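Reckoned from all heavy atoms, side chains included, excluding hydrogens, waters and symmetry mates. Given the structure is predicted, the values throughout are model-derived calculations rather than measurements.
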Amino acid sequence: HPACSPVLQAARGYAKPGTKKSKDSPSHLDDLPPTLLKKDYANLPIMDSVDDVVRRLLSLEMASQKEKMKVKTQQLVEKVRRSPNDNGSFEVQVAILTAKIRTLEEHLQSHPKDKSNRRLMLMELDRRRKMLGYLRRVNYSTFENTCKQLDIQYSPPQPYSRRVTKRWLVKKALCIKVFQEKQKLKAAERLKQRREWQARARAERE
């Protein structure tokens, strides 16, 4: 309003509700066809004779993200499992962890301040890295096929390195000095005990 002061105009402009920009980030669940049935109903023989409306209700078109995750996890497991009854091999566990990690990554893109899920994702990444490292040592061909089928880029853990600071150097020198003094005291005590044993043995012989 022209009669308002500049300060009041600025305050009114600041108080306006902001429009939140929507981020259309791609999801790893987008490649699932909507006509695909849910995991609990996929292998039922009766599904071939049901009505189209019922089939739509039981398909991924009306499914939640949790139900889509089950189907996606099953697809990843089918790519790497050794046999139809394989449910606990390292390859299957890596596939299940991969589905969880990708879901957490997409969640953190929309909610970057969610520290609990970020910590959970880092824990799952560490578990998957350990499993892939074991497969790499034991059976390299299986490790290579698992990474190829699941589209995983394995990076070995970096060696631990401590940043050298003046405080750390002083603390290390103090610890070494205390250890050396302790070793000297122990050596003197052991020498004293040895002399006592020798004197006792000499007395017994006499």
Side-chain angles (χ1 to χ4, degrees), residues 21-160:
K21 296 182 180 180
S22 60
K23 298 181 180 179
D24 299 331
S25 57
S27 173
H28 72 290
L29 304 176
D30 293 340
D31 58 345
L32 293 175
T35 57
L36 192 66
L37 294 174
K38 300 176 184 178
K39 182 182 177 182
D40 299 335
Y41 307 100
N43 299 322
L44 294 179
I46 198 174
M47 294 305 300
D48 298 332
S49 58
V50 297
D51 191 10
D52 292 340
V53 178
V54 178
R55 192 175 183 87
R56 285 186 61 189
L57 289 173
L58 299 180
S59 65
L60 296 184
E61 184 179 356
M62 304 291 181
S64 62
Q65 186 176 5
K66 185 177 180 180
E67 293 169 331
K68 290 181 180 179
M69 266 291 300
K70 290 182 180 179
V71 177
K72 188 65 178 179
T73 304
Q74 187 68 22
Q75 288 184 355
L76 294 179
V77 167
E78 291 293 338
K79 290 182 179 180
V80 297
R81 72 186 341 170
R82 303 175 186 176
S83 63
N85 297 325
D86 178 21
N87 295 319
S89 63
F90 275 89
E91 303 93 280
V92 172
Q93 295 181 50
V94 168
I96 296 173
L97 287 175
T98 301
K100 291 182 181 179
I101 290 169
R102 289 174 180 170
T103 303
L104 290 171
E105 285 177 346
E106 293 173 4
H107 174 77
L108 290 172
Q109 287 179 1
S110 304
H111 307 85
K113 295 185 179 181
D114 192 349
K115 296 182 180 180
S116 177
N117 280 314
R118 183 176 298 278
R119 180 175 176 272
L120 179 61
M121 185 189 71
L122 293 176
M123 291 171 61
E124 301 292 359
L125 281 170
D126 190 50
R127 284 182 58 194
R128 188 179 71 175
R129 186 183 295 112
K130 290 179 180 178
M131 291 183 181
L132 287 174
Y134 174 80
L135 280 176
R136 190 168 181 258
R137 292 192 306 270
V138 175
N139 194 340
Y140 188 80
S141 59
T142 305
F143 159 79
E144 197 173 22
N145 180 63
T146 303
C147 291
K148 181 179 179 182
Q149 294 294 334
L150 300 179
D151 194 17
I152 298 174
Q153 186 175 3
Y154 173 75
S155 57
Q158 298 295 326
Y160 176 76

Please say whether more than 12 non-hydrogen atoms of neighbouring residues, nucleotides or ligands are located less than 6.0 Å from CD in Q65.
no
The side-chain contact (heavy atoms from CB on, under 4.5 Å) partners of S64 (sequence neighbours excluded) come to K66, E67
Measuring from [X]:[atom1] to [Y]:[atom2], what's the distance to the nearest 0.5 Å?
X	Y	atom1	atom2	answer
R102	T73	CZ	OG1	10.5 Å
L135	Y154	CG	OH	10.0 Å
L76	D151	CG	CG	10.5 Å
K115	L108	NZ	CG	13.0 Å
Q149	I152	CD	CD1	10.5 Å

Checking H107 now: which residues fulfil side chain to side chain donor-acceptor pair (under 3.5 Å) with it, not counting sequence neighbours?
D114, N117
The side chain to side chain donor-acceptor pair (under 3.5 Å) partners of S89 (sequence neighbours excluded) come to D86
Nearest heavy-atom neighbours spanning A95 and V80:
CB-CG2, 3.9 Å
Per the side-chain hydrogen bond (donor to acceptor under 3.5 Å, both in side chains) rule, what does the pair list look like for residues 132-141, sequence neighbours excluded?
N139-S141, N139-T142
Show every donor-acceptor pair shorter than 3.5 Å between a side-chain atom in residues 125-132 and any protein atom, with sequence neighbours excluded, or say none if there are none.
from : atom 1 : to   : atom 2 : distance (Å)
R127 : NH1    : E124 : OE1    : 3.4
R128 : NH1    : T98  : OG1    : 3.3

Pairs meeting criterion salt bridge (charged side-chain N to carboxylate O under 4.0 Å, His left out) with involvement of residues 73-83, two or more places apart
E78-R81, R82-E91
Contacts of type salt bridge (Lys or Arg N to Asp or Glu O under 4.0 Å), residue K72, not counting sequence neighbours:
D31
